[in-house]
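For reference, the structure is listed below as structure tokens.
The analysis underlying the following values was restricted to heavy atoms, covering all of them including side chains, and did not include hydrogens, waters or symmetry mates.
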Amino acid sequence: MKSLCFSPRTASLSISRQSNSPSLSSTARRRFSQSEIEQPIDAAAAIIMKWDAETSAYAGVTSLFHENKREAMQFTKSVNELQDIMHLLVSDQDSGSEKFSQAQRLMQIAMKRLQKEFYQILSTNRADLDPESVSTRSSRTSTSMSDYDDDGLPDDEIRTAGDSITELEDVSSTAMSDLKLIADCMIASGYAKECIRVYKIIRKSIIDEGIYKLGIEKLSSSQVNKMDWDVLDLKIKNWLDAEKISLRTLFKGERILCDHVFSSSDSIKESCFAEISKEGATLLFGFAELVAKAKKSPMEKMFRVLDMYRAISEDWQEIETIFAFESVSAVRLQAINSLVRLSESVLSLLTDFESTIHKDSSKAMTPGSGLHRLTMYSMDYLTLLADYCNILTDIISDWPPPAKSSLPESFFNSPVSDDSPRPAISVRIAWLILVLLCKLDCKSKHYKDVSLSYLFLANNLQHVISRVRASNLMYLLGEEWITKHEAKVRQFAANYERLAWGQVFASLPENPMASMTGGKAKECFMKFTSSFEDAYSKQCSCVVPDLKLRDEIKASIGTKVVAVYREFYDMHKSTVGEESSEKLFVRFSPEDVGNYLSELFFATVSSGSSSTSSSTSSHHHRYMRSLLRA
């Protein structure tokens with residue numbers, strides 16, 4: 001059966017086929033009496049002409065929907081009835097009659113009025129129809145009075161608070177209802193284009209203004225590359241806030257308003273939302289891609305890139321929901337491209353970080369065998385990376401495992417080489433630490449005194465372990481990794497103790513309580529004094545920043561020196577001879593030895609300090625940047 005679709009503006013008739021459509025009613029088929037035609041046209045003429053701005057000064061300065069809501073409802077009802085009459089005249093083959101021409105003129109006047117009302121409502125209610133207000137209203141039901149009861153407010157204050165919230169919601173709700181009423185009427189009457197044009201102009205200006213106020217601007221790749229890091233960093237921080245606000249209020253609110261006002265036409269609400277939001281949303285997500293491509297150092301860029309990746313990935317479901325229309329697929333595509341570029345940037349930055357460790361060719365020895373700047377920088381970096389473990393897991397999951405050919409075979413007994421399946425992020429972090437430890441091993445060989453090289457390794461590995469234990473690295477590497485590396489620290493410390501203090505240990509007899517001649521006792525005292533003074537003079541400038549390791553090393557040395565020396569001292573001091581001989585051969589009492597040992601490893605060495613102050617951290621970063629530029 002044929003259904004008739006009439007556009008009164010053009011007086012044209014289009015015929016479309018619909019399956020299972022009902023036949024025209026008997027009213028549509030019969031000839032209408034003159035009074036049945038004239039009465040609704042005259043009724044429509046009365047209210048339409050009353051609000052014709054060209055013939056009424058009052059209508060020119062007054063808003064129909066603001067002044068008299070009941071009359072506004074009657075106005076749209078009359079327009080709809082006029083539309084029905086025009087359809088019936090066409091179906092009765094009477095489209096050339098004077099009444100049809102009159103109805104058509106009235107329809108044009110009515111549409112002009114409704115277009116003006118539509119514009120006025122959108123313009124005067126900008127504050128109430130801003131995306132934030134619309135999105136907030138849509139996600140919140142009317143405020144429960146029980147929320148105020150807990151505060152112990154008086155009943156009149158509760159009512160006042162409730163009334164205020166209701167009043168604000170009513171203004172927004174009324175404006176949205178009026179816009180929908182007008183849009184439905186204009187679309188049904190064939191004037192959708194005029195309605196849409198007004199809506200797009202006003203609403204796009206609101207979205208564009210919102211994007212501007214959020215600090216999102218159009219930038220080129222070269223502009224981003226030329227920016228100082230401090231400037232770009234501020235823009236990224238601003239973007240992270242803007243991304244949340246724009247999704248949860250700006251675009252979400254506009255989508256809700258669009259869907260409500262043009263609920264009668266899916267194609268119209270889609271085209272409106274696309275034209276209004278597409279440019280701003282593409283600009284928003286495009287900035288992330290520009291940052292991903294920017295050439296900045298790993299320390300500066302990595303964590304901002306991860307922040308941006310996390311922001312988009314966490315909001316992906318909302319992005320897909322808000323920009324679900326095919327006409328805004330470019331927005332989804334831009335967001336995906338940004339995620340891809342950001343993930344590629346992360347992988348590239350991780351590679352650069354590993355390369356930075358490999359490229360550190362400085363041969364300067366750390367004074368006091370303390371912490372190397374490379375160790376502190378690297379662990380600062382890795383500790384911060386561990387805070388992004390969930391994001392990194394997503395990014396690194398398909399990244400090939402690291403190649404081991406660049407490291408000595410002796411290092412492959414590390415957990416990183418285990419065959420048991422482990423998360424890719426854990427393998428990568430363990431590998432980067434292994435690269436660091438290998439580099440530190442190379443640097444330790446620059447010490448002429450081998451004992452100092454072992455203390456250097458013990459100090460730096462202990463720092464690595466301490467940072468692992470105190471951060472999310474512990475969950476990535478596991479207790480087994482920590483246990484294995486703690487054993488290495490003990491081994492390094494034992495080697496240091498043996499090489500640095502071995503002569504002191506050897507100067508004391510295996511059995512300090514055994515009897516010996518006065519000459520032999522003098523020889524032992526002199527040998528101990530000489531070896532202790534020599535060892536102490538070499539080790540007094542050493543530093544052990546870690547309190548636990550420092551105490552363990554001193555306790556171990558003290559047990560092997562002080563305790564044994566005390567027994568020997570108490571047993572053989574009297575055999576040395578008179579007081580003058582005693583002072584000559586016995587230079588140290590057990591208490592003196594203990595006091596000297598207790599003062600060890602406290603030396604303050606600037607480059608070996610474990611301080612995490614901002615100035616020290618900045619120094620580390622400058623140091624690493626110089627390597628990257630090398």
Side-chain angles (χ1 to χ4, degrees), residues 296-303 348-386 402 404 406-408 410-411 414 416 428-449 452-471 473 477 481 485 488-489 492 496 542-546 549 603-630:
K296 304 294 178 182
S297 78
M299 189 66 182
E300 291 172 336
K301 186 179 173 184
M302 172 64 88
F303 303 104
S348 176
L349 291 169
L350 284 174
T351 301
D352 290 345
F353 173 66
E354 180 179 341
S355 177
T356 298
I357 298 175
H358 282 299
K359 282 167 39 177
D360 189 330
S361 58
S362 64
K363 296 182 179 180
M365 294 177 291
T366 304
S369 297
L371 300 182
H372 198 280
R373 290 172 295 178
L374 181 65
T375 306
M376 291 185 283
Y377 163 79
S378 299
M379 292 313 298
D380 285 346
Y381 194 85
L382 292 173
T383 299
L384 290 173
L385 275 183
K404 300 175 181 176
S406 60
L407 296 184
S410 60
F411 279 83
S414 165
V416 75
R428 183 63 57 172
I429 293 294
W431 169 259
L432 290 173
I433 293 179
L434 184 59
V435 171
L436 170 64
L437 296 180
C438 183
K439 175 58 69 172
L440 292 173
D441 184 72
C442 293
K443 291 184 178 299
S444 71
K445 293 177 172 58
H446 297 313
Y447 287 96
K448 294 180 180 179
D449 186 337
L452 297 182
S453 69
Y454 279 115
L455 183 61
F456 171 81
L457 290 173
N459 275 329
N460 284 269
L461 181 53
Q462 181 62 39
H463 180 74
V464 170
I465 294 171
S466 297
R467 296 303 300 274
V468 169
R469 277 201 176 279
S471 68
L473 289 171
L477 299 176
W481 185 97
H485 286 82
K488 288 186 177 181
V489 171
F492 290 146
Y496 159 75
C542 291
V543 59
V544 179
D546 186 84
L549 178 61
T604 301
V605 182
S606 58
S607 61
S609 172
S610 59
S611 171
T612 57
S613 66
S614 60
S615 60
T616 303
S617 178
S618 176
H619 181 67
H620 299 334
H621 299 168
R622 288 196 301 271
Y623 165 71
M624 295 309 296
R625 288 175 196 149
S626 67
L627 291 175
L628 288 167
R629 289 193 294 266

Legend entry - Residue pair Pro367 / Val543: nearest heavy atoms and the distance that separates them: O-CG1, 4.3 Å

Inset, instruction - Taking the side chain as every heavy atom from C-beta outward, state whether Tyr377 and Ile357 have any atom pair closer than 4.5 Å. - result: no

Legend entry - Donor-acceptor contact present, side-chain Lys443 to main-chain Ser362, <3.5 Å: yes

Inset, instruction - Hey, could you give me the OH/CG distance between Tyr496 and Asn459, rounded to the nearest 0.5 Å? - result: 9.5 Å

Legend entry - Residue pair Phe456 / Leu371, side-chain heavy-atom distance below 4.5 Å: no

Legend entry - Heavy-atom check, side chain of Arg373 versus side chain of Asp360, under 4.5 Å: no

Inset, instruction - Kindly indicate, with the supporting measurements, whether the criterion side-chain contact (heavy atoms from CB on, under 4.5 Å) is fulfilled by Lys488 and Leu457. - result: CA-CA 9 Å; Lys488 288 186 177 181; Leu457 290 173; over 6 Å; no

Legend entry - Rounded distance (nearest 0.5 Å) linking atom CG of Leu440 with atom NZ of Lys445: 11.0 Å

Legend entry - By side chain to side chain donor-acceptor pair (under 3.5 Å) - contacts of Asn460 (at least two apart): Thr375

Legend entry - Side chains of Trp481 and Val468 in contact at under 4.5 Å (non-hydrogen atoms): yes

Inset, instruction - Could you pull out the closest heavy-atom pair between Ser453 and Ser444, with the gap in Å? - result: CB-O, 3.0 Å

Inset, instruction - Output the distance between atom CG (Asp441) and atom CG (Leu461), rounded to the nearest 0.5 Å. - result: 11.0 Å

Legend entry - Gap separating the CG atom of Leu434 from the CD atom of Glu354, nearest 0.5 angstrom: 10.0 Å

Inset, instruction - State the CE-CG distance between Met302 and Asp352, to the nearest 0.5 angstrom. - result: 8.5 Å

Inset, instruction - Please identify each residue that fulfils side-chain contact (heavy atoms from CB on, under 4.5 Å) with Ser466, with sequence neighbours left out. - result: Gln462, Asp546

Inset, instruction - Could you label the plane-to-plane angle of the Phe492 and Tyr454 rings as parallel, tilted or perpendicular, counting under 30° as parallel and over 60° as perpendicular? - result: tilted

Legend entry - Atom pair CZ (Arg467) and CD1 (Ile433), whose distance is rounded to the nearest 0.5 Å: 11.0 Å

Legend entry - Note, Leu382 side chain near Phe353 side chain (heavy atom, < 4.5 Å): yes

Inset, instruction - Would you check if the side chain of Tyr447 reaches a backbone N or O of Thr366 as a donor-acceptor pair within less than 3.5 Å? - result: yes

Legend entry - Side-chain touch His372/His463, heavy atoms, less than 4.5 angstrom: no

Inset, instruction - Apply side-chain contact (heavy atoms from CB on, under 4.5 Å) to Thr351 and list each qualifying residue two or more places apart in sequence or on a separate chain. - result: Trp399

Inset, instruction - Using modelled atom types only, decide if a donor and an acceptor are shared between the side chain of Ser369 and the backbone of Cys542 within a distance under 3.5 Å. - result: no

Legend entry - Close side-chain approach of Leu437 to His485, heavy-atom, < 4.5 Å: yes

